[in-house]
J.: 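Take a look at the following structure, please.
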Amino acid sequence: MSEPRDATPVNQGRAGEAEEGTRAGYPFRALEERAQRRWSDDRLFEIGDPMAAEKRFYCLNMFPYPSGDLHVGHGRNYILGDAVARLKRMQGYTVLSPMGWDAFGLPAENAAILNQIHPSIWTKRNIARMKEQLHAWGVGFDWTREIASCDREYYRWTQWIFLKLHEKGLAYRAKGAVNWCPSCQTVLANEQVEGGACERCGTAVAMRDLEQWYFKITAYADALLDDLSLLQQWPAKVRVMQANWIGRSEGASIRFVVAGEMAPLEVFTTRPDTLLGATFLAVATEHPLVTRLREEGKLGAEAEAFIDRLKRARIENRFAIEAEKEGFDTGVTVAHPLTGTPLRVWIANYVLMGYGTGAIMAVPAHDQRDFEFATKYGIPIVEVIRPETGPGYDRKAAYEGEGRMVNSGAFDGFSSEEGKRVVTDALKAKGAGESRVNFRLRDWLISRQRYWGAPIPIIHCATCGIVPVPEKDLPVVLPDQVAFKPTGESPLLSNEAFLKVDCPKCGGAARRETDTMDTFVDSSWYFMRFLSPRLETAPFDKDAVNRWLPVNQYIGGVEHAILHLLYSRFIVKVLRDLGLVTFSEPFERLFTQGMITKDGNKMSKSKGNVVPPDALIQRYGADTVRLYTLFIGPPEKDAEWNDRGVEGAYRFLARYWKMVEDVAGAQSVKGGREAPSAGSAAVDATSWAASGPARELRRRVHQLTQQICDDMDRFHLNTAVSGLMQLVNSVQDFQSAGGDPRMNEVREA
RNA sequence: GCCCGGGUGGCGAAAUUGGCGAGACGCAGGGGACUUAAAAUCCCCUGGGGGGCAACCUCCGUGCAGGUUCGAUUCCUGCCCCGGGCACCA
């Protein structure tokens, strides 16, 4: 953004003695203002008709939540994206680089409660402020395509997508144990719980039985896992995290006949080879069997007290009970499917209702948890797997490795590997089980009992039940007038006019759904809206989206490695199956940048270590801040902000500017053409003497140019900057040695 | 506990992924020039030890211990730290 040849007097913009502003004769303010003006005059960042572009590149920064002020850490994201976008532009691509706002969400609502300011006003104010900052930073976006997820023309289509999922049976309402944040007063998705605490506020999450809306992401578990192999240009780390989150495991489903009953008790295991070592069964407290026993009054008072205690502990904090294995014998007996041996069914605190069937076969000799439980309650332990070499089960701890089957009758001698197969086959022959794949991934809970989100487009009718809002009635507009109290109920309940509605089916009096959607629904499709941000007839222009997507380069923080990225992948696959898009993955290449820390900590208002960009830009210019941000370290790694480093970047630019002036002077200036974006330093070869030093410099220039381009392709922006520094050093060495090159040079971003 | 990363100068970091001398580039530090002085700017030095008046010479150095190789920051084995993710997932 700084071009040579501008005779602006030095010390432009000096504001008194306090400001060192433009020392060293580097008139950044004038240069930057002029560059900005020209970019906007040239509409440099706009792509025009999306269908016209031949060489396309879609470079996207994760759109931010408009929380207020940006700090230099946020800037890294945009500056990296800007560098990539500019490089691609210089390489002749039409680059789409849009910006928008993930504008629904809790902070706005909390601000409303706290400061009596409406979320929409608070949000708009923040957006205006952040836009100003982005502009000052010199980051180039196509602002004609700006979107905000809280705009009714945007969330209208979020609702539309909900309806499509509902049509397909992929959006459903169900009652079950859900995560509840007592502080945010809303339910949370499984993905939004970190170590038992709310990812937003850190409050310990409780469990509640509530009826909620879900997206059936589990229907795509296999596809989401398999297609990770298409994402070779994602960081391996992110792929691994997603794979672990989806958590596919292969094993067997086994049915145990319950004494005196028709319905068997089904369990899932990854180790059917240990079946002969199963000495008891264990179920979760919420298991249907337990529920029924209680209803029938078949559990004693002691058992009831035990369940109550566990439940209460879970309401307080479901993870606070990790320490010790506890359980209670239900008295129910099942038959071992192969031997017929009776096995007791226990209720155990370590069995989770949310995984598998909520019931397990316990093999104490080969599972540490079962071992601890069996030891505590005096349940028999039978060794059935012995390793080929080394120690196996030793009565002190379970042996969880593989080996050969023992104490398993006809199966003795099989390896674990073979055992899994032959035991499963035996079960299948008896109709007592079959092989089965299980996932850790659970359906995505999308309803929230909060105001500032897209209303779920559903109507509850006493006669027709759940009725989707007809497409023509979209959007279901979020009303302005509501009571902002964190009551645990949706604030929309307080607005009668919103609530009351005629049933679209029978015309009778009905009631609107008052929950809103998780903001991750908003952000799971926004990257497609940018192609046709004002389209009124569809969420996006199909042709344009299919032409431009997947996003070529997506840039954002690792904190979204699971949530946002998994949800977006899911929604894209659903839209693909609906015939709306032709691609299967939204983001071709992903880059997750590291955090910028200050005093070793993440920047936060509460820690008081936030580095705002404004004063720095004022003092040194945007180029300095941008250059330093790129130079601070490898972009994927965390880096510590250092004000001295900013000085260094400034010194470099000043030096560079001086060099350009010298060269321009030597060139007798007038040619006038300003070489806006040639992409790399180019030397006018014709004027080069074949003499030693000039030749040497020329060589060096070409070498470094090559290196800088390679570095940028590999995202080594820090070394690309160092390459530029070396380039300038070389030219200066040459100049001071008496050289007089004529050159046009240009900076990258 | 399991799964990923990563340990290089006072500091941030380079080394095009086994190759001619590790530490580019920058920060900090030291010395000098300019100045009445300061700021800014410019020049030189800066991993550690030892030697030489000197352009230099020499030894040791990429977390630790081994190994493969003509050659290892890079590959292999074991160990020690640091960061991150998942966490009673059967």
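Just so we're on the same page: letters track the sequence lines, and every chain starts at 1. The analysis underlying the following values was restricted to heavy atoms, covering all of them including side chains, and did not include hydrogens, waters or symmetry mates.
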J.: For a quick check of understanding: with a heavy-atom distance under 4.0 Å over all strands, which category does A:Arg644 fall into, base, sugar-phosphate or nothing?
T.: sugar-phosphate
J.: In terms of side-chain heavy atoms of A:Asn718, which of B:A14, B:C86, B:G26 is nearest?
T.: B:A14
J.: Please classify the nucleic acid contact of A:Asn438 as base, sugar-phosphate, or nothing, using heavy-atom distances under 4.0 Å.
T.: nothing
J.: Separation of A:Leu630 atom CG from B:A13 atom C1', in whole Å?
T.: 15 Å
J.: Is there a donor-acceptor contact under 3.5 Å from the side chain of A:His366 to the main chain of A:Thr274?
T.: no
J.: For the C1' atoms, the ones on B:C11 and on B:U17, what distance do you get once it is rounded to whole angstrom?
T.: 26 Å
J.: When the aromatic ring centroids of A:Trp444 and A:Tyr567 are compared, is their separation below 6.0 Å?
T.: yes
J.: Please report the distance separating the C1' of B:G26 from the corresponding atom of B:A13, rounded so that it comes out in whole Å.
T.: 9 Å
J.: Need to verify one output field. Residue with the more 5' nearest nucleotide on RNA chain B, A:Gly247 or A:Val240?
T.: A:Val240
J.: Between A:Asn729 and A:Arg655, is there a side-chain donor-acceptor contact under 3.5 Å, judged purely by atom types and distance?
T.: yes
J.: So which nucleotide does B:A22 pair with, by the Watson-Crick or G-U wobble rule with both distances under 3.5 Å?
T.: none
J.: Check whether any side-chain heavy atom of A:Met62 lies under 4.5 Å from a side-chain heavy atom of A:Ile555, and answer yes or no.
T.: no
J.: So which one's nearest nucleotide on RNA chain B is more toward 5', A:Thr719 or A:Trp245?
T.: A:Thr719
J.: Base, sugar-phosphate, or nothing for A:Asn729, non-hydrogen atoms under 4.0 angstrom?
T.: sugar-phosphate
J.: With a 3.5 angstrom cut-off on both distances, give the Watson-Crick or G-U wobble partner of B:C27, or none if there isn't one.
T.: B:G10
J.: Using a heavy-atom cut-off of under 4.0 Å over every strand shown, decide if A:Asp710 touches base, sugar-phosphate, or nothing.
T.: nothing
J.: For A:Gly356, which contact category applies under a 4.0 Å heavy-atom criterion: base, sugar-phosphate, or nothing?
T.: nothing
J.: What interatomic distance, in whole Å, is found between P of B:A72 and the corresponding atom of B:C60?
T.: 13 Å
J.: Apply salt bridge (charged side-chain N to carboxylate O under 4.0 Å, His left out) to the pair A:Arg344 and A:Asp329, showing each step before the final yes or no.
T.: CA-CA 7 Å; A:Arg344 273 298 172 82; A:Asp329 187 349; 2.6 Å; yes
